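What follows is a single structure, written as structure tokens, with notes after it.
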Number of protein chains: 2
Amino acid sequence: MTVGQNIHSSPIPVLCHSCEARHSGVCGALDPDQLVRFAETTTRHKIEPGGALIGDAEPVYSYSNLLSGVVKLTKTLSDGRQQIVGLQFSPDFLGRPFKLESAINAEAATSVTLCSFPRAAVERMMKESPELEHRLFKQTLNELDDARELMVTLGRKTAPEKVASFLLMIGRNMHSGVDSAERPTCFDLPLTRAEISDFLGLTNETVSRQLTRLRADGVIRIENKRHVTVDSMSRLEQRCGGRVAPL
Amino acid sequence: MTVGQNIHSSPIPVLCHSCEARHSGVCGALDPDQLVRFAETTTRHKIEPGGALIGDAEPVYSYSNLLSGVVKLTKTLSDGRQQIVGLQFSPDFLGRPFKLESAINAEAATSVTLCSFPRAAVERMMKESPELEHRLFKQTLNELDDARELMVTLGRKTAPEKVASFLLMIGRNMHSGVDSAERPTCFDLPLTRAEISDFLGLTNETVSRQLTRLRADGVIRIENKRHVTVDSMSRLEQRCGGRVAPL
DNA sequence: CGGCAGCTTGAGTCAATTCAAGGCCTGTGG
DNA sequence: CCACAGGCCTTGAATTGACTCAAGCTGCCG
């Protein structure tokens with residue numbers, strides 16, 4: 001999976017031209033000149049489901065933009081119990097700045113494409129461009145919000161509510177058009193039942209039973225185990241446990 | 001503890017001189033001149049346990065340095081179920097930058113002292129000093145690490161493991177001297193049993209039972225319901241569920 | 001074709017909850 | 001000074017939601 005023809009003269013690197021993350025991801029923080037220098041160090045990768053992104057011996061993956069696919073971040077206890085502590089979608093930035101040891105593992109949940117860069121290049125660029133650091137900061141704040149939302153789900157919701165909340169979250173992240181609360185939404189689950197259970201702190205059997213129940217109740221339809229259609233998102237929302245009431 | 005000795009042309013504000021957060025907190029990012037301007041807008045507050053920090057109608061609390069005490073961050077479902085999604089200790093910075101609506105409530109768990117500043121002052125200072133934003137970024141990354149650690153606890157640990165993990169975390173955050181794994185550590189619990197249960201996703205009865213069990217097993221001693229002594233931290237650690245295995 | 005991984009479903013079990021009662025402090029008012 | 005009320009905490013007994021164990025289904029791949 002090599003790409004990197006080094007392009008020194010053109011205003012904007014060819015690869016970046018058509019890049020999904022050119023404007024929306026962290027690269028949007030860079031001006032053309034910075035982008036050119038930065039792009040010299042980047043490489044594209046494709047990773048199949050189950051492939052490790054970090055935790056293995058490949059330091060080039062240290063930092064990446066996620067261009068497509070879903071990445072799961074996991075933590076594991078020594079007896080094998082596992083918890084998914086985050087899911088990342090494009091155009092998220094992958095990697096933990098300012099720390100060599102990541103205490104989490106990152107793994108491709110679906111087939112994934114990355115634009116990767118060496119740690120040093122990112123950290124140099126971050127010193128140079130406060131705007132880049134600013135974007136990373138904002139993403140981190142969003143991840144923290146997501147993490148805390150998931151904590152409520154893990155600590156205080158019932159199994160039916162957990163599964164409904166998961167579907168709602170996935171539906172919102174994988175939507176490919178307008179999302180009206182009343183228009184049908186459909187998507188492919190990026191995770192297996194076992195992975196969903198690691199996300200929600202349940203067992204795969206319980207996840208399966210709850211999905212069956214939602215299907216029986218007419219809240220969702222499922223084809224081929226993975227493809228889900230939600231006719232009414234608001235009906236699904238009702239099953240997520242009462243919304244948080246600020247104040 | 002001399003206050004008047006090293007007076008520069010831009011004297012450091014008197015209040016900041018003896019401030020616990022002068023160097024360790026976010027204020028450490030500011031040079032004396034910046035600090036002087038910044039300090040003009042700050043006010044100190046003392047808040048008793050149970051007092052709300054945000055979520056109420058007092059915008060002056062929007063951002064603060066936590067100088068002493070413990071603050072709990074909570075989320076609540078509409079039927080009253082509550083989850084503590086974070087605990088903050090001095091010299092943490094309180095507040096969610098770049099967002100007017102915080103989806104979480106912050107409340108004093110113990111008696112708390114704050115150094116507060118208006119939102120606008122912080123955001124102005126942040127534009128001016130990338131170092132300030134950098135420190136906030138780093139704290140946020142640490143909070144994210146903590147949040148993900150807690151997710152494992154919430155999703156995958158048993159009640160005994162949860163309570164042991166909580167004690168370990170508190171012990172490490174409230175330690176007031178050297179912490180050897182084998183030397184006795186003691187501290188006051190900053191939370192009631194009910195609050196601990198909201199932190200761990202349990203009921204107060206279960207928390208109480210597990211504390212009783214740890215006491216009966218000689219892992220901890222408890223005086224006055226709140227004061228805990230851990231003779232051997234490593235023994236407590238053994239009850240936290242296997243440590244995460246990176247890779 | 002067999003083997004395997006992922007998924008579903010059922011039956012029985014158990015950890016944590018709910019419900020209930022009582023003890024221990026602390027502050028308050030007679 | 002004591003009596004009393006209200007938090008907070010502990011403990012017991014009964015209940016239950018999710019888990020474990022087990023069996024069978026499906027689709028895919030060699």
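Reminder, nothing fancy here: chain letters follow the sequence lines and each chain counts from 1. Model, not experiment: these values are computed from the prediction.
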inquiry  = What's A:Arg226 touching, base or sugar-phosphate or nothing? Going by heavy atoms closer than 4.0 Å.
reply    = sugar-phosphate

In B/S/- notation (B base, S sugar-phosphate only, - none; protein heavy atoms under 4.0 Å), nucleotides 13-30 of chain D written 5' to 3' is B----SSBB---------

With sequence neighbours left out, the residues meeting side-chain hydrogen bond (donor to acceptor under 3.5 Å, both in side chains) with A:Ser90 are none

Note: B:Ser116 and B:His45 closest approach over all heavy atoms is OG-CD2, 3.3 Å

Footprint ends on DNA chain C, 5' to 3', for atoms under 4.0 angstrom from a heavy atom of chain A, come out as C:dC7 to C:dA11

To the nearest angstrom, the CG-C1' distance between B:Asp198 and D:dC8 comes to 14 Å

Across all chains, not counting sequence neighbours, the side-chain contact (heavy atoms from CB on, under 4.5 Å) partners of B:Cys27 are B:Leu35, B:Asn65

Sorted by chain and number, sequence neighbours left out, side-chain contact (heavy atoms from CB on, under 4.5 Å) with A:Thr110 holds for A:Val70, A:Val112, A:Pro190

So ring-ring contact (aromatic ring centres under 6.0 Å, His included) across residues 199-226 of chain B, not counting sequence neighbours, yields B:Phe166-B:Phe199

Sorted by chain and number, sequence neighbours left out, side-chain contact (heavy atoms from CB on, under 4.5 Å) with A:Gln82 holds for A:Thr74, A:Thr76, A:Asp198

side-chain hydrogen bond (donor to acceptor under 3.5 Å, both in side chains) filter on A:Thr113, not counting sequence neighbours, yields A:Ser68

Contacts of B:Arg209 meeting side-chain contact (heavy atoms from CB on, under 4.5 Å) (sequence neighbours excluded), chain-then-number -> B:Glu205

